[in-house]
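Only one structure is covered here, and it is reproduced in the block below.
Proteins come first, then strands; the chains are lettered A, B, ... in the order of their sequence lines, and each starts at number 1.
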Number of protein chains: 2
Amino acid sequence: MDSSPEHICADEVTISKKEYGLPSSDVLLKMCNIFKSLQSETRLNILFLLSNNDLCVRELELALGVSQSAISHSLRLLRQLDLVRVKKEGRFAVYSIADKHVEQLINVCQEHVLEE
Amino acid sequence: MDSSPEHICADEVTISKKEYGLPSSDVLLKMCNIFKSLQSETRLNILFLLSNNDLCVRELELALGVSQSAISHSLRLLRQLDLVRVKKEGRFAVYSIADKHVEQLINVCQEHVLEE
DNA sequence: TCTATATATGAACATATATTCATATGATTA
DNA sequence: TAATCATATGAATATATGTTCATATATAGA
């Protein structure tokens, strides 16, 4: 925003978290946890698959070639963060994307990568 | 999508990565790296601060109460992923947000957290 | 009921990550 | 040209994460 050749560095008195309106540490922590959950190739793949179809654990396992246990652990994390939802259908646990935010997150990120 | 009481689980023959149009492993890896970089409270705070003002390292250090070294390491990662940009102004390194995708990512995530 | 299928989860281990510490470089000021 | 300020970075260490292994539970079918 400043195009002058010399930056003016604010001092300690001028700078404080509050002036810049940072989110509360509670919100920040939750955001971290969400991004944490998106940093894994397995979980990212799960979300891509679920954004096309609701799928059960076995189907995710077959599609991704990852062990049932690993898929299940991944789904637990995504569930806890409300990024996916489950409904029990007989012996199957059918998973789906929780809401549009989740799709937006992976779409925006994919755009950023593709537009390099 | 299916509201019948019983899920029909696809078998191995039916399921394949290609049918579901998963992104290439190259793209997926880059996406992981971006989300990885957003999973840290320090880096998330840096991005919130930079989305308001371009700031030098010293200012980020003062605003966040995190060591110069830690800030600098964090900025390197964000730089490498093209989430922030630097311009040298005298002895200062002034950082700014790279593009709108970055702001979209943190905004969408914040919305998701706040709408619980 | 016995067996197979589908899923979940605790524990453990290998790997990855974040911060600190020490130090190096380059720019500014005295 | 010393001394100081601003920044960068390699190494080390403490902590976090992902997967595997073993095992438990619940449903379905024979």
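- The CG atom of A:L64 sits 5.0 Å away from the CD1 atom of A:I71 when rounded to the nearest 0.5 Å.
- Judged by atom type and distance alone, A:Q68 reaches the base of C:dA8 through a side-chain donor-acceptor pair under 3.5 Å.
- Rounded to whole angstrom, the span from the CG atom of A:L64 across to the C1' atom of D:dG18 amounts to 15 Å.
- Separation of atoms CD (A:Q104) and SG (A:C109) is listed at 13.5 Å; rounding is to 0.5 Å.
- Applying the ring-ring contact (aromatic ring centres under 6.0 Å, His included) criterion to A:F92, with sequence neighbours excluded, gives B:H7.
- Contacts of B:S72 with the nucleic acid, taken as non-hydrogen atoms under 4.0 Å apart, include base atoms.
- The end-to-end axis angle of the helix from C:dT1-D:dA30 to C:dA30-D:dT1, rounded to 10 degrees and based on five pairs per end, is 20°.
- Judged by distance alone, with hydrogens and angles left aside, the side-chain atoms of A:N53 form no donor-acceptor pair with the main-chain N or O of A:L55 at under 3.5 Å.
- Among the atoms of the strands shown, only primed sugar atoms or phosphate atoms (P, OP1, OP2) are found under 4.0 Å from some heavy atom of A:C56.
- In terms of position along DNA chain C, the nucleotide closest to A:R91 lies nearer the 5' end than the nucleotide closest to the other residue of the pair A:R91 and B:A70.
- Stacking between A:H73 and D:dT19 is absent: the aromatic ring centre is not both under 5.5 angstrom from the base six-membered ring centre and within 30 degrees in plane angle.
- The base of C:dT9 lies close enough to the side chain of A:S69 for a donor and an acceptor atom to sit less than 3.5 Å apart.
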